[in-house]
Each structure stands twice: as structure tokens, then as C-alpha cells.
Amino acid sequence: MREYKLVVLGSGGVGKSALTVQFVQSMFVDRYDPTIEDSYRKQVEVDGLQCMLEILDTAGTEQFTAMRDLYMKNGQGFILVFSIIASATFDELTEIHGQLLRTKDTRTVPIVLVGNKCDMANERKVSQERAKAQADKWNTPFYETSARTRINVDEVFHDLVRMINLQNPAKHDRSKKNTVKCVLL
Amino acid sequence: MSSPSSPSPSGTTARKSALLASYGYPSQPGMVRAVAAAAAASSDSTGPNSPGPLSGRKGSISTTRSSHRYSQLYSMAAEQDVEVEDDLARAQKRLRELKTKISSQSKKNFVLERDVRYLDSRIALLIQNRMAIAEAIAEHLEEADSSDGLFPDDRKLQSYGNLFFLLQTEPRHIATLCRLVSLTEIDTLLQTVMFTLYGNQYESREEHLLLTMFQSVLSAQFETATEFGSLLRANTPVSRMMTTYTRRGPGQSYLKTVLSERINSLIEHKELNLEVNPLKVYEQMINQIEENTGSLPPHLPRGVPPETAAANPDVQAIIAPRLSMVMEIANSFLDTILESLDQVPYGIRWICKQIRSLTKRKYPDATDFSICSLIGGFFFLRFINPAIVTPQAYMLVDGLPSKHPRRTLTLIAKLLQNLANKPSYAKEAYMMTLNPFVENNKARINKFLNDLCEVGDFYESLEMDQYMALSKKEINLNITMNELFNTHQLLAQHRDTLAPQEKHHLRMCLNELGAAPPQVPRKENKTIILPLFSRWETPIQDLHSTFLQETNITQADIMYMETKSILVQLIRSIPGIADKRPLDLMKIAETAATTKDAILVRKGIKVKEMLIELEALNVVDDHFTFMTEEVTEELRHLGNLREKVNEEAASLESVYKTIGDHNNYLRSQLDSYKAYLQNVRMQSGGGNSPGQGSGVGVVTVGGKEAKKGKQQVLGPFKFTHHQLEKDGVIAESNVPENRRSNIFFNITSPIPGTFIIALHYKGRDKAILEMDLKLDDLLEKQQDQVQLLDLEYVHLNVNKVLALLTKTFIKR
């Protein structure tokens, strides 16, 4: 069974944990409890194939950004979450997205853009059009989700798995170019 | 923050005059400004000054607020006595210099960090292929001109001086502005506010004004919060402010004293694996079995669900001892933190206090439990735990800790956070096994979080600080042109919110200044000295007379106070003179009058005359009882002070060193980014977009294979062993000393971004050893904190190699 390392990134309080826990344990965590680093595992079937997802739920608190680099190095697919009721959380993803591309050193990192809390659309601050435009620019799919009412939760994770499959049908490691040629004295 | 201990009640009257004595009678124009500054600050945040009447002299006790203030002033004035040259004075001088250096170095680091973030984002854009290279590398790489500049227009400079005077003395303007600007604008504004406007991190007046600004921003956040759960959660200007604040000198030195020893002793044990997540333990276990036996037994399949892993008896056996060990370590961290209550910087405790009182006001029904979790949300989540999880980013350790200790540190931070938040539900099931830690420490942590809030307000001392500001000859800001223009621009943009009325001082200043000039190029961004003053305050002509008017001090009072102050000076200047107790004041005066030092002689004679006169006036009794008491008390205070000053200086030395190290680290990071960008420029043939779809480091041009003919081999450039050793490029060498002079290195760059380092021995044609290096890989090594490059005979320092390559190949 193939393993997928997924990482959930985004600003503080946007619902990264709520989304992840809803996906993995099918329940909504109402009380806010800031995450430092949590990991989950879940087996799912995507397009007829069994997949083992290892999901890393990260800290949104900005003071922990020094950990991001490692997450980005180790992850294969990324869920970038913002809250549709707080536009600063949307703006903050630009920085995260940039860092992601730089760390991966490529333009084609499997990423899904997620606007969470869509059950609170009456307080919406980020329009669908705006988010969609950003997603197009980044060339990523975009979903509006609700961790509370379990809207589009599975779709996000499944879509990310498909993107990884598409981009990377077989695993291969980046070859290192440091070669030492030794000439005998 | 120096808040002198309360002196004996009898010191009250006397203490006033020391201020006069040691400040002298001012006539400089700068003093007028400072007084105006003090007055304005006072009227803004503490209401008008109305010191109560003074209740006489000769040890009679005055309990009014003002007398307390003056008594403190006396001590502070004596503490800052510039005429004396004893140990205390020298220690204080050293401390002052250190503080200045730390303040200015922190600012430099902040700027460097911002530059690193900037280049980081440029590189990301490049990779996205959305930006012309030339644009990316533009001016930002040029060094800023560090020389002091002169502001061209004198009248404008005055207007700016007035504007910044208002900003400094009335923190509410900046507080409002902080709420109005966006996250992208906040960095620049915070730089100006925290490192320039209130840049003196160790001066309590500026610290207090900064905190006042904090309070205002914080309460606005409470006003706008929609639900309790979302309070202080998001990354906002407030949280960015908190980060910046906690990383200033005092916060930094707290983390270092309290945490760094624990963390360092933990990360020494590189192989200590304390993973307690059954899934991970199971995985590590079957990997080990597979490695040992070559295959997996059928009862241990891969990819099992968490429950299966947790039920495995072998896994349980591995985890059990680890659980108690993790909890033991977490306990030791907790003990250290709880014991550190008194060391927590005042400002951080004060912020905790504000969080508590704002919560109680806005949510009267909030339980103590939920209030504590909010305080914990600041103190642990934003201050302590980031430093535990990523100690390298807080300069508590050298380099990234290795994998196992890193995980242990994360577990400890998670435990502490759980303790502070006490969630009802464990998202990760295995965390429940660590629950005894939370249960056992619940009561302790709640008490600690509440105790954190138990600090006094500073309004009283703020008022006093304004008088301390008098000691400054003048208030100047060292500010860059761009800081000036940027702040101007933001103020102008939000003018209608900040100062809606035409008559408002801030608005008048802004109207006068007109539109903000655009940002100047980096190399023209000079630092200027901006004198602050206010045209709206009535200048105070004579500090002396003001004090007389304000406080009804009589001439006799003044003489009493002066006498005492001179006596303290004499005792401090003549070693051994005060060894005998009780003090004989008259004898001290006589001794001073017979020394060989002309100044001491003059003072001795003068003070003797004054003592006699005071006696004649019946201000003192024959034995100078009260004055002797007061002088003794003052000396004791100053003695304790010297110890405190020395202690503080020692701890600041280490902070300064840490900040310096961080500065070097940032510089090297910046250099490598520059190299990376330059590399891109070379590869793209200057000005074209980089290769589509390819990583930046890959040597293709415009998606096609680069034409070999066009490429120019650069080098070889020759370096001797000695030279590279001297520059630190060679970190270790295995070449015997006597052979080193025969060794040299040739570095060539056959294609941009690729380098060949060849090690030669004099007289031989062929290189002894060659190594191909890709700039990318070097940068990656640097990112991974790999320090050394193994060249068999020599080990090269990765950072230094990068710098050498940049210098040799790119700047040509």
C-alpha cells in the first residue's frame, strides 16, 4: 500500500485541526485547543486504490514558523487552509505558498487551497471569486469546506492524493550531485 | 527596569534636592524640550500633575503621592550621579553602554530578518516564474549606506520633529495605526515603533509608553472579537507585536537563563528516543525487525490502525518506561518555569495582566479556568513553547537539534500547552496516556498563571519617568529616511481616523508636511538624527524655580538636600572614609577639605559651611541625627545597587553575545540567498525568465539545453592552503604542517552554478583530488545546517565556501 505524507498548513484559528479531525475521526472539535504538532493516520480508498495517509497537522501560531521548513521538506502534498471569515488568513497563505515553492524548488507541488468555515457564509470576508482567482494563479484546486458540517472534507484529502498520484506515479529520489573523485597519490 | 526600593520615610524632603544638585540648573534649550516632552506625556496618560503639598522637613513623614515620587527621584538621581567615579559609577557606565549596544544590535537583526524574509519571497516568485530576474535582484542587494545623513530641508525636519514628538508622547496614535494597517505593512511600522520610536529597550519610560500602546491595541482586539474561543487566536498585528516584543533584550535573556540549560542537556542525548505514539513505535519496531532478520513475520503487517499498534504487547513494553521519562522531563521543565516567576520580564507579566483584566471585563462570566487558558495562550503558546520546540530559532542552542531530541522537545511543549489549555478531548489518542502530567499539575499551573498577572501598574512610575526624562539633555531619534517617510505615509493614509478634527495637533502636523515622499532607494536610505520638540507646550525656563513653585520647598530645604547630596558624593569619592559607623558627617567634610584633590577640598569646605549654617538655622540638631541616618541609608541602597548592576551587566553580556551570533547567522543566510539569486541571473543569461518548469538550480536556459559554445569557463582561480585557512574556509586540515605550503586549490566554474574545487600539490600536474559542487546542493547543505564539506584532506566550512564562490565568481 502506498503511503502519502500530507501536511495541513495555514494561519492560526482557521480550523486546520477541526478539518483534519473531522476527516480522520468523523467528529467536530468545538473547543479551541491550539496545535503544536499532531499526526494522524488514515486508510482510504481513492479511485479504487487503497492508500495510507499520514497527515501532519501543524501549528498556525506564527511563533512556530521555524518548524515549517522541515514539514515542507518531508511532506508530499499540502493543504493550505484559510478561513473565509478572516481575510488576513487568506493573505497569509501567499507567504506560506512562496516558502513551499522555494523549499520544494519546483513549481509543481501538489497543493489544495481550502477556504474553511463555509457554514458561516453570512460573515464571509473572502469572496469565492477572489479565492478562485488565487487558486488559478497557483494552478491548484480550490474547495470551500465546513469542518463543522462536514462539507467537502473528504474531497479535499482525496483530491490531494490524486494530485500526488498524477504528478508522481512512481517514487523516485532526487539524485545528489556531490561526487568525490579520488586520485591516488 | 530600575525601581528603587522605598527609602526610609525620613528621606522624603531631602531627596528632592539631590535632583537639583545633580542635574544642576539647566539652561540648555534641549532641556526645555525634554520638559515639554515630559509634560505632554503626563497630560496624555496620567492626567495633570498635581503634587500634593509637602509636609516639611527634619524627618517628618510625608505620605503624599508626590513625596513618594520625589523620594524615588532622589535615589534615581544619586544612582546616575555622573560626577563620581567609584565602582558603582564604572559598573553603571558599562551597563549603559551594553544596553545601548543591545538596543542598536537588535534593531539591526530585525532589519536583517526582514531582508531575509524579503529575499525569500523574491526567490519564491522567481520559481513561480512570474518575475523578471533583473527586477528580483534589483536594488535590494546593494548595501545600505550606513553613514549618517543630513536632512535636506530644515523646516521639514522641524515638522517631522514635532510629528514624532507627538507620536512618542501620545502612544494612542500609534496604537490606533497598528490596528488600521495590514499585516504586510506592520513589519515596517513595528520596526519604527519598537526599535526607533520606543527603541531604548531598557529605559522604563519608553518601555511604558510602548506597553501603553500595547494595551490600547489589545483592548481593541477584545472589542472586535466575536466569540471567546477566537480571542487572541489569529495572527494579527497584535500577535506580531507580541512576537517582536518577546524577542527584545529582556525576553531573550529570560529564555536564555531559564530554558537554555535544560534544553541543552536534553539535546546532548542525540540517540535518546522517547517516541510514545504507538503507531510510530510500531513502525520503528518492525523496521528494526526487518533490518535484523531480512523479512517480516506474518503477525506484524505494515500499515496497521492505531488501535492495533497500541495493543501490541511489545510496543506497550517499549512505551511504558518512555512515558514516565517524558513526564519526568516535562516536570523538570515545568519546575524551572514555575520557579522563574520573579525573573519573567515585567512587560510580559504586564501583558498577561491586561489579558486577564480585559477578559474579566468583556466576559464577566468567564471561568477562572478559561481565563487561565487565555493567559497560557500568550505565555506558553507565544513565548515559552516556540523556544522549546525550535530553540535554534531563539538562539538557545547552536544548530538544529537532532531528530530524537527534537521530537522529545515537541512532546514537552505539547504537554505544557495541554496543561495550560486543559482540552477536554485528546485529538491524538496516545496523548491520553500522558494525562497524569496534566492532572498532577493543574493546580500549580493555574496558580502560576494567576501569579504572573500580579504586577503593579506603572502609571505611578510613568509619571516619575517623565521627570527622569529631564536628565536627558535632549530627545533625539536616530531614524532612517524610509522609516520617516513610511510612517508619514501611513499616518497620512489614515489621517481621518487618527485625527478627524482640523485643530488636532497631529492633523496640523500632517497638513503641514503634505504628501509623504516616496521611499528612497536602499543606498540613499540614510540615518538621520531627528530632534524631538513640541511647539505647543510652554517652555519651562528654569527647572529650579519650577520645583520651588510646584512643591513649596524653602531655601533651607534646598540647602539640607544639597548638603546631603554632596556628602554622599564625597563618601563615594574617597575610599575608606565611611568605614566607621556611625558616620561622623562633620569629620567627613573635614577629611575631604584636607585631601590633595582641589575639587574635593572645595566641596569639603563648602559642605562644612553648609552643615554649620543648617545647624544655625535649626534645620538639623547638633548631631545631624536624621541626616546621618539618611546618608547611611542611601549608601546602603547604592551598595546593593552596585551588586545588582554587576549582576545585570553579566547577564546582558551574554545576551549581547547571543544577539551578535544571530546577526552573523542572518548575514550568512542573506549572503547565500544573494548567491542563489545571482546564480539564477547568470543561468538565465541576464534578464530572461528562468527555465520553465525546472528548478532554479538546473542549468538550462529558456527550457532548452544551453549551447555549450556560448558558455564561458571561469577560472581557474588559485588559492593557497594558507590563505583559505586564514579566511576560515578550511575548518580542519589533515595535511601535515610542513606540507601545507605545497598545497593549493584551483577553483573553476565550467558552467554557471557548477564549481570544481581541485586540490593540488606543488610540482604535480594532476590534481590530487577534485570535487564537483553545485551551488544548489551547497545551499541545501546550508539549509540543513550541515557545517562542513568533506574533502578528505581538508574539511571546508560550507558558509565560507559559499561566500568565497560568490566573491570569486559572481562579483566579477
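Computed from a predicted structure; not experimentally measured. Throughout, a chain's letter reflects where its sequence line sits, starting with A, and its residues are numbered from 1.
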Contact origin within [X] toward chain B - heavy atom pairs under 4.5 Å:
X: A:Met52; result: side chain
X: A:Asp33; result: both
X: A:Ala86; result: neither
X: A:Leu100; result: neither
X: A:Ser87; result: neither

Could you tell me which of B:Leu381, B:Asn418, B:Thr410 has the largest number of non-hydrogen atom pairs under 4.5 Å with chain A? B:Leu381
Best-contacting candidate, B:Val389, B:Thr246, B:Asn277, B:Leu759, against chain A by heavy atom pairs under 4.5 angstrom: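 Highest number of heavy-atom pairs under 4.5 Å: B:Val389.
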Donor-acceptor pair, side chain of A:Ser146 and main chain of A:Thr149, under 3.5 angstrom: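 Pair found, side chain donor or acceptor close to backbone of A:Thr149.
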Answer yes or no: is there a donor N or O on one side and an acceptor on the other, between the side chain of A:Thr61 and the main chain of A:Phe64, under 3.5 Å? no
What part of B:Arg406 is in contact with chain A, defined as an atom under 4.5 angstrom from a non-hydrogen atom: side chain, backbone, both or neither?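 Side chain only.
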Heavy-atom proximity to chain A below 4.5 Å, by part of B:Tyr394: side chain
Interface residue of largest heavy-atom contact number with chain B, from [options], under 4.5 Å:
options: A:Ser11, A:Pro34, A:Gly13; answer: A:Pro34
options: A:Met27, A:Lys42, A:Glu95, A:Met1; answer: A:Met27
options: A:Asp57, A:Thr89, A:Thr94, A:Leu70; answer: A:Leu70

Looking only at non-hydrogen atoms, find the nearest pair between A:Trp138 and A:Leu80 and report the distance. CZ3-CD2, 4.2 Å
Let me know which of A:Val81, A:Val14, A:Thr35 forms a side-chain contact (heavy atoms from CB on, under 4.5 Å) with A:Val8. A:Val81
Salt-bridge contact B:Arg407-A:Glu37 (side-chain N to carboxylate O under 4.0 Å): yes
Identify whether the distance between the nearest side-chain nitrogen and carboxylate oxygen of B:Lys414 and B:Glu428 falls below 4.0 Å. yes
Using only heavy-atom distances, determine whether the side chains of A:Asn165 and A:Tyr4 contain a donor-acceptor pair under 3.5 Å.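 Per modelled atom types, A:Asn165 and A:Tyr4 side chains form a pair under 3.5 Å.
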Verify the distance criterion only: is there a donor paired with an acceptor across the side chains of A:Ser83 and A:Asn116 at less than 3.5 Å?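 Per modelled atom types, A:Ser83 and A:Asn116 side chains form no pair under 3.5 Å.
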